[in-house]
Amino acid sequence: MSLLDYEFNSEYDLMLSVWGEGILRESSLPDFQQPDEILKMYSDKYCKYPKSISLYIKDPMACGYDYGYVGVESAFLEKLETLKELILPPSVQDIQMTVKLESILNDNNTLIRGTFDSFAEKFAVENNLRFRHSDFVFAVYELEYAPELTQLTMQFNRDGSVVIKEDISLPGSSSSNNLGGSFYHRLTPKFYQTDTVEDVADKFSGGLRSAVIKDGRLADFIAKAKSHDLFTGYNA
């Protein structure tokens, strides 16, 4: 099963996000979610082809599911002639390069995003494409005596900025009512070259600060980022 969602005129003219399992191909999508159908809707609405397209292949495994895409069919990517960004989960291990796909990626200087030491990074290096780490959760903290959950996500924005998104969830009086909110903490684009985990953790206090240090995901990112070639952003 596969599901493809879309958004018009956000960071890119057309932002696609898809989740499923096996190989990502057109035949695995419902008729109304075919790339050609979505591109036609965009063209009908704006009377033009989107100048920039982002494809975000989501990672169900990060949420505890036991499935995810393991490959992407070249013919699917070849439909996206102005592909500017391709975000790959760790589960994806295969994309067969074709002459047409190579031309699309080179002509658009496509940005490949994923995790360190993954197929995504290897794919970028082997094809002389820019690589940037994907956003990732690096700490979760639940108050001991209150139903409050805080999640911290490292976000690498298209303009080159790096921010920590702090999501606070506080259940309300019903299952459909959640209080809380989102807050943002700015970092320098190359914070990993100057800041330690403790420096980042100092932006928070108490149990949340300790959670940042104990979690380990941020420490792992900082250690690897020092020796990997990262595209830092368009205006960084």
Side-chain angles (χ1 to χ4, degrees), residues 1-63 65 67-98 100-115 118-121 123-124 127 129-137 153-160 165 231 233-234:
M1 179 180 180
S2 298
L3 291 174
L4 180 66
D5 199 6
Y6 62 89
E7 182 179 354
F8 292 162
N9 291 333
S10 185
E11 281 193 297
Y12 295 85
D13 286 350
L14 174 58
M15 298 187 70
L16 302 172
S17 58
V18 60
W19 67 270
E21 59 183 321
I23 306 297
L24 174 55
R25 51 171 59 98
E26 287 187 273
S27 60
S28 66
L29 295 168
D31 290 343
F32 66 92
Q33 290 187 330
Q34 297 288 320
D36 284 344
E37 185 66 24
I38 295 174
L39 288 166
K40 183 179 184 301
M41 285 190 288
Y42 185 95
S43 179
D44 288 345
K45 184 172 183 178
Y46 298 104
C47 299
K48 63 178 182 179
Y49 191 91
K51 291 183 178 180
S52 59
I53 299 175
S54 169
L55 175 60
Y56 174 23
I57 301 176
K58 294 188 175 182
D59 182 14
M61 294 181 180
C63 299
Y65 296 98
Y67 63 87
Y69 285 118
V70 296
V72 184
E73 191 177 63
S74 301
F76 183 92
L77 296 176
E78 289 172 358
K79 295 283 186 178
L80 312 177
E81 296 180 0
T82 54
L83 183 65
K84 299 290 188 181
E85 178 186 64
L86 176 60
I87 306 174
L88 300 173
S91 60
V92 169
Q93 295 294 315
D94 182 62
I95 298 176
Q96 293 297 314
M97 185 63 76
T98 64
K100 182 175 180 179
L101 179 57
E102 183 178 19
S103 177
I104 288 173
L105 297 176
N106 288 332
D107 289 348
N108 290 288
N109 195 19
T110 304
L111 176 64
I112 307 298
R113 299 189 62 187
T115 57
S118 65
F119 169 82
E121 184 178 26
F123 182 78
N127 293 284
L129 299 169
R130 301 165 303 160
F131 174 78
R132 187 160 166 80
H133 204 281
S134 52
D135 299 349
F136 66 98
V137 174
T153 303
M154 191 70 67
Q155 292 188 329
F156 303 92
N157 298 325
R158 184 172 183 262
D159 64 0
K165 183 182 181 185
F231 175 66
Y234 294 92

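For this chain, numbers begin at 1 and follow the sequence in order. Hydrogens, waters and symmetry mates play no part in the numbers below; they use all other heavy atoms, side chains included.
- Lys79 contributes atom NZ, which lies 14.5 Å from atom CG of Leu55 (distance to the nearest 0.5 angstrom).
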Test log, rule side-chain contact (heavy atoms from CB on, under 4.5 Å), inputs Leu80 and Leu16: CA-CA 10 Å; Leu80 312 177; Leu16 302 172; 3.9 Å; yes
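- Rounding to the nearest 0.5 Å places OH of Tyr69 at 10.0 Å from CD1 of Ile23.
- For the pair Glu37 and Phe32, the tightest heavy-atom approach, listed with the atom from each and the gap, is CG-O, 3.8 Å.
- There is a side-chain donor-acceptor pair under 3.5 Å between Tyr46 and Asn9.
- For Thr82 (side chain) and Pro50 (main-chain N/O), a donor-acceptor pair under 3.5 Å exists by modelled atom type.
- Residues Lys84 and Lys51 share a closest heavy-atom pair of CE-O, 3.5 Å.
- The only option from Thr110, Leu77, Asn127 that meets the side-chain contact (heavy atoms from CB on, under 4.5 Å) definition with Leu105 turns out to be Thr110.
- When atom types are taken as modelled, the side chain of Arg132 and the backbone of Arg158 share no donor-acceptor pair closer than 3.5 angstrom.
- At a threshold of 4.5 Å between non-hydrogen side-chain atoms, the residues Arg25 and Phe76 do not count as touching.
- Side-chain atoms of Ser91 do not come within 3.5 Å of backbone N or O of Val70 as any donor-acceptor pair.
- Of all heavy-atom pairs spanning Ala120 and Ile112, the tightest one is O-CG2, 3.5 Å.
- The pair Lys40-Asp36 fails the salt-bridge criterion, with no side-chain N (NZ, NE, NH1 or NH2) lying under 4.0 Å from an Asp/Glu carboxylate O.
- How far CD1 of Ile95 is from CE of Met97: 7.5 Å, rounded to the nearest 0.5 Å.
- Shortest non-hydrogen contact noted between Leu4 and Val18 is CD1-CB, 3.5 Å.
- By the 30° and 60° cut-offs, the orientation of the rings of Phe8 relative to Tyr42 is perpendicular.
- Classified by interplanar angle (parallel below 30°, tilted 30° to 60°, perpendicular above 60°), the ring pair Trp19/Tyr67 is tilted.
- Separating the OG1 atom in Thr115 from the CZ atom in Phe136 is a distance of 10.5 Å, to the nearest 0.5 Å.
- Remark: Ser43 OG to Ile38 CD1 distance equals 13.5 Å, nearest 0.5 Å.
- Scanning all heavy atoms of the two residues, the minimum distance from Arg113 to His133 falls at NH2-O, 2.9 Å.
- From Leu39, atom CG reaches atom CD of Gln34 across 11.0 Å, with rounding to the nearest 0.5 Å.
- Considering all non-hydrogen atoms of both residues, Gly20 and Pro60 come closest at O-CG, 4.2 Å.
- Of the N and O atoms on the side chains of Glu11 and Ser54, not one donor lies less than 3.5 Å from an acceptor on the other residue.
- Judged by distance alone, with hydrogens and angles left aside, the side-chain atoms of Asp13 form no donor-acceptor pair with the main-chain N or O of Ile53 at under 3.5 Å.
- Counting heavy atoms of neighbouring residues, nucleotides and ligands inside a 6.0 Å radius, atom OH of Tyr6 does not exceed 12 of them.
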